[in-house]
Amino acid sequence: MAQTTNPHQPGSPWNNPWPKSTYFRWVMLCLDPNGQMEWTGVHDFDVTPEFDARLKLSGVHAQLTDPEREQYEVLADKSRLRRGPWIQFARTVDAVAAHIAATGEDPHTHRGTWDSPDGPVFLGTDHVPVYLASARSRPAH
């Protein structure tokens with residue numbers, strides 16, 4: 001349950017409560033590579049492996065202070081309790097990295113799906129760059 005005040009009404013009356021909150025547990029402001037301010041946020045149990053990788057690959061994680069990084073890692077650790085998505089992410093990144101090592105090229109994707117030798121793999125239309133960057137950042141075997 002979450003509830004906020006209405007800043008547009010005198011006396012700060014409460015808004016109606018939201019039984020399923022759409023508010024973020026934690027919001028981060030950061031600078032993009034062009035020096036522009038942007039934001040991102042996480043809910044409880046909502047740190048996905050793709051979000052975690054994007055946060056670290058983009059340099060946002062490095063911009064956090066030590067206490068902020070510790071707070072983020074507590075939320076990420078909660079999400080890691082659901083191991084399945086994290087295991088699948090690691091396997092997929094390994095497969096993409098192996099493809100790049102074998103062919104010297106990024107895998108071709110169409111609408112977020114890579115037609116790998118083992119069958120179609122949905123990377124997600126918004127997450128293809130995260131998988132590619134994660135695969136490229138893996139040390140060569």
Side-chain angles (χ1 to χ4, degrees), residues 1-9 11-141:
M1 177 80 70
Q3 196 171 13
T4 59
T5 59
N6 186 341
H8 303 291
Q9 299 294 323
S12 299
W14 287 102
N15 289 319
N16 291 331
W18 293 77
K20 185 166 183 172
S21 176
T22 58
Y23 299 100
F24 290 99
R25 165 67 68 187
W26 198 56
V27 175
M28 297 161 272
L29 296 175
C30 52
L31 299 175
D32 71 10
N34 298 320
Q36 299 295 312
M37 184 69 68
E38 59 181 36
W39 72 275
T40 190
V42 293
H43 302 279
D44 284 339
F45 295 100
D46 195 39
V47 177
T48 65
E50 294 86 359
F51 179 88
D52 186 65
R54 184 182 306 270
L55 195 72
K56 291 173 179 170
L57 291 165
S58 69
V60 172
H61 193 265
Q63 293 181 46
L64 301 175
T65 64
D66 289 340
E68 289 169 337
R69 201 172 300 108
E70 288 172 17
Q71 185 179 8
Y72 168 76
E73 290 303 330
V74 166
L75 292 174
D77 287 345
K78 281 183 174 181
S79 291
R80 288 185 190 104
L81 293 173
R82 294 183 321 213
R83 295 176 44 83
W86 296 84
I87 291 169
Q88 185 60 43
F89 178 79
R91 287 179 181 156
T92 303
V93 170
D94 287 344
V96 171
H99 173 86
I100 293 171
T103 66
E105 297 179 358
D106 291 342
H108 174 72
T109 60
H110 179 69
R111 295 184 180 166
T113 301
W114 168 39
D115 190 18
S116 80
D118 297 326
V121 178
F122 183 67
L123 305 177
T125 53
D126 296 334
H127 299 308
V128 171
V130 173
Y131 279 94
L132 296 176
S134 296
R136 287 190 213 111
S137 70
R138 293 274 167 101
H141 297 299

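Both backbone and side-chain heavy atoms feed into the values below; hydrogens, waters and symmetry mates do not. Numbering starts at 1 and runs along the sequence shown.
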Please report the closest heavy-atom contact between [X] and [Y], naming both atoms and the distance.
| X | Y | answer |
| --- | --- | --- |
| Thr113 | Pro120 | CG2-CB, 3.9 Å |
| Leu64 | Arg69 | O-NH2, 2.5 Å |
| Gly112 | Val128 | CA-CG2, 4.0 Å |
| Trp26 | Gln71 | NE1-OE1, 2.8 Å |
| Ser79 | Asp46 | OG-N, 3.2 Å |
| Ser137 | Ser134 | OG-O, 2.9 Å |

| Taking side chain as C-beta onward, heavy atoms only, is Arg136 less than 4.5 Å from Asp106? | yes
| Taking side chain as C-beta onward, heavy atoms only, is Pro107 less than 4.5 Å from Val96? |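 Yes, close enough: below the 4.5 Å cut-off.
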Rounded to the nearest 0.5 Å, what separation is found between the [atom1] atom of [X] and the [atom2] atom of [Y]?
| X | Y | atom1 | atom2 | answer |
| --- | --- | --- | --- | --- |
| His127 | Thr92 | NE2 | OG1 | 12.0 Å |
| Gln88 | Arg91 | CD | CZ | 6.5 Å |
| Leu29 | Thr40 | CG | OG1 | 10.0 Å |

| note | So the ring pair (Phe, Tyr, Trp, His ring centres under 6.0 Å) pairs with at least one residue in residues 82-111 (sequence neighbours excluded) are Phe89-Tyr131, His99-Trp114
In residues 51-59, what donor-acceptor pairs under 3.5 Å come from side-chain atoms, sequence neighbours left out?
| from | atom 1 | to | atom 2 | distance (Å) |
| --- | --- | --- | --- | --- |
| Asp52 | OD1 | Lys56 | NZ | 3.3 |
| Asp52 | OD1 | Tyr72 | OH | 2.6 |
| Asp52 | OD2 | Lys56 | NZ | 3.2 |
| Arg54 | NH2 | Asp126 | O | 2.9 |
| Ser58 | OG | Arg54 | O | 2.8 |
| Ser58 | OG | Leu55 | O | 3.3 |
| Ser58 | OG | Val60 | N | 3.4 |

| request: Test Glu73 against Arg80 for side chain to side chain contact (heavy atoms under 4.5 Å, CB included), laying out the working first. | output: CA-CA 10 Å; Glu73 290 303 330; Arg80 288 185 190 104; 3.5 Å; yes
